[in-house]
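Scroll down for the structure; my scribbles are underneath it.
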2 protein chains.
Amino acid sequence: MAGIRAAQKEKTRRALIQAAMNQLSAEHGYASLSLREVTREAGIAPTSFYRHFQNMEELGLTLVDEGGLALRQLLRQSRQQIAKGGSIVRASVTTFMEFVANNTAIFRLLLQEKSGNSKEFRLAVQREVEHFTAELADYLVAEQQFPRELAALQADAIVRIVFSAGADVLDASGAERQELLEMTIAQVRIVARGAEATRTLARSAKS
Amino acid sequence: MAGIRAAQKEKTRRALIQAAMNQLSAEHGYASLSLREVTREAGIAPTSFYRHFQNMEELGLTLVDEGGLALRQLLRQSRQQIAKGGSIVRASVTTFMEFVANNTAIFRLLLQEKSGNSKEFRLAVQREVEHFTAELADYLVAEQQFPRELAALQADAIVRIVFSAGADVLDASGAERQELLEMTIAQVRIVARGAEATRTLARSAKS
DNA sequence: TATGTCAGTGAACGCGTGTTCACGCAATTC
DNA sequence: GAATTGCGTGAACACGCGTTCACTGACATA
């Protein structure tokens, strides 16, 4: 009843997930990841894989879930730090870019599967991104009193810009990353100003 | 000397390219495209492939080039729309979205290889996108008298938003596409307003 | 007309793959 | 202590793959 068996199973499961992560790189994506490779890296027999996942697809979806979770936790954390003052935009974008730089494999996975060849994967990633966008929109409504619709539009635009820039970060050198960061911050501010102008515009049209 | 031989070769080459295009779909991307599949679809022996391309990679880069070509045609088409007058933003974004809807395979290829596992591919796609951005920035400088730097920032943001929305179009139904189109138009206008506000801001800061 | 070139071919190769199966053996249950 | 459960295993399978090779036959050249 000690559950030593269940613990062993979980350990092996983690080993499989970690092995898959380790194999992901710029040259070798999830698509070209084989069951045998993963089990080899994890140090177990190929057949044992099926004790933990039905498919490579199931493993992949687990990876996507883990990636999305990590990203969201990080950003929530960064938003809390903002409450203390300082530039919201700068802090958030910087945090995001750091995440990308430090979790290359995960972000690359999300990015690739966003436009990958499995519908289920695409939906899973899209869900994560939408989750992301919704949190930002909520923030804009609550803290900056934007009307719901405009907040959604603005949040969607910002997320699109930031994720796209994040993708470019993957291939960029240190200096290029810095430049990309500054550009992205400037662009998010442009969007914010545009949303502000749009709000003012809508107000004066109403009266 | 009639070159009937060269003509035949070119014809087969085109058949290979076309065969590869045909095999590309939402479920079956370039990465999971095999030499044998392509030659089967093209109706030639697997070994004949090597008379035309050294690698699958070489074929792939050819496909990307074709995609880039199509994209540039799109730009020209877009410019013609603008010349007719009317809303520049609406016309341009609509044209782009129509392109995506009508050239699903090509756009999906560009999208996937933008974050794919071959550096050469990524660079090739990036070059095409940069061309796109530069073209838009030039327009903003010439027609709307934006300073170079702000125009570049704005163009980059717009391209990121539009390409990202284009990616979502691939999986969207007709109604969703319409909604996505309107959202994107609104977002591009927000960016334009934000850039305008930024320009004004910079001016008043100078004086 | 004789000679050379070269796109297309079919057989054959070795390789890595996903998946099946029956089995061993330790943890668990009764 | 006996019976059961279930994770991990190694052998075996059929399959599709990229690539090689020597060869054919229509076109090109001179």
Side-chain angles (χ1 to χ4, degrees), chain A residues 1-25 27-63 109 112-113 116-121, chain B residues 1-25 27-63 112-113 116-118 120-121:
Chain A
M1 66 141 76
I4 147 165
R5 195 170 195 143
Q8 266 304 328
K9 178 162 185 182
E10 180 60 19
K11 195 175 147 197
T12 311
R13 188 188 142 94
R14 296 305 314 173
L16 280 169
I17 292 174
Q18 195 51 56
M21 287 280 193
N22 289 348
Q23 309 248 14
L24 293 177
S25 70
E27 296 77 30
H28 201 76
Y30 167 81
S32 65
L33 206 60
S34 79
L35 184 150
R36 288 180 111 105
E37 268 181 310
V38 173
T39 53
R40 218 177 294 132
E41 168 89 13
I44 64 170
T47 47
S48 298
F49 181 91
Y50 296 104
R51 303 286 183 203
H52 303 273
F53 304 95
Q54 238 185 7
N55 275 335
M56 278 299 290
E57 173 142 352
E58 199 177 308
L59 207 205
L61 287 171
T62 305
L63 291 183
L109 174 74
Q112 287 182 346
E113 295 314 317
N117 296 112
S118 154
K119 182 141 198 169
E120 200 163 352
F121 269 60
Chain B
M1 71 138 70
I4 149 166
R5 193 170 197 142
Q8 265 306 328
K9 177 162 186 182
E10 180 61 18
K11 196 176 146 197
T12 309
R13 188 188 142 93
R14 295 304 314 174
L16 280 170
I17 293 174
Q18 194 53 53
M21 286 281 193
N22 289 347
Q23 309 247 15
L24 294 178
S25 70
E27 297 76 30
H28 201 77
Y30 166 80
S32 64
L33 206 61
S34 78
L35 183 150
R36 289 179 110 107
E37 268 181 309
V38 173
T39 53
R40 219 177 293 131
E41 167 91 12
I44 64 171
T47 47
S48 298
F49 181 90
Y50 298 103
R51 303 286 182 204
H52 303 274
F53 303 96
Q54 238 185 7
N55 273 335
M56 278 298 291
E57 173 142 354
E58 198 176 310
L59 207 206
L61 286 170
T62 306
L63 291 182
Q112 287 183 346
E113 296 314 319
N117 298 112
S118 154
E120 200 165 349
F121 272 58

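Residue numbering restarts at 1 for every chain, and letters A, B, ... go by the order of the sequence lines. Below, all heavy atoms of this structure are taken into account, side chains as well, without hydrogens, waters or symmetry copies.
The two residues E57(B) and S118(B) come nearest to each other via the heavy atoms OE2-OG, 3.5 Å. Across A42(B) and L16(B), no two heavy atoms sit closer than the pair CB-CD2, 4.0 Å.
Relative to the side chain of T12(A), the nucleotides dA7(C), dC17(D), dG8(D) differ in distance, and dG8(D) lies closest. Here the nucleotide nearest the side chain of R40(B), chosen from dT17(C), dG8(C), dC17(D), is dC17(D). Taking only side-chain atoms of Y50(A), from C-beta outward, the nucleotide of dT20(C), dG8(C), dA22(C) with the closest atom is dT20(C). Nearest to the side chain of E37(B), among dG8(C), dA22(C), dC17(D), sits dC17(D).
Straight-line distance from the CD atom of Q8(B) to the P atom of dT9(C): 11 Å, rounded to whole Å. The interatomic distance linking L35(B) (CG) with dG8(C) (P) rounds to 14 Å, in whole Å. For the pair L16(A) CG and dC7(D) P, the interatomic distance rounds to 13 Å; values are reported in whole Å. Rounded to an integer number of Å, the gap from E41(A) CD to dT17(C) C1' is 18 Å. A straight line from CE of M56(B) to P of dC17(D) spans 11 Å, rounded to a whole angstrom. Going from atom CD1 of I4(B) over to atom C1' of dC6(C) covers 14 Å, rounded to whole Å. A straight line from CD of Q23(B) to C1' of dC17(D) spans 15 Å, rounded to a whole angstrom. Between the CD atom of E58(B) and the P atom of dG18(D) there is a distance of 15 Å, rounded to whole Å.
A donor N or O paired with an acceptor N or O is found under 3.5 Å between the base of dG18(C) and the side-chain atoms of R36(A). For dC6(C), the base has a donor-acceptor partner in the side chain of R5(B) [N/O atoms by modelled type, under 3.5 angstrom].
Here R13(B) lies out of heavy-atom contact (under 4.0 Å) with every strand. When heavy atoms are screened at a 4.0 angstrom cut-off, S48(B) is found touching base atoms of the nucleic acid. In this structure, T47(B) reaches the bases: a heavy-atom distance under 4.0 Å links it to at least one base atom across the strands shown.
Surrounding CD of E120(B) are at most 12 heavy atoms belonging to other residues, nucleotides or ligands under 6.0 Å away.
A distance-only check finds a donor-acceptor pair linking the side chain of Q23(A) to the backbone of E37(A) [under 3.5 Å]. Side chain of S32(A) to backbone of H28(A): no donor-acceptor contact under 3.5 angstrom is found.
With DNA chain D read from its 5' end, the first of the two nearest nucleotides for P46(A) and P46(B) is the one closest to P46(A). Comparing F49(A) and Q54(B) against DNA chain D, the residue whose closest nucleotide sits nearer the 5' end is F49(A).
Taking only side-chain nitrogens and oxygens, S34(B) comes nearer than 4.0 Å to OP1 or OP2 of dC17(D).
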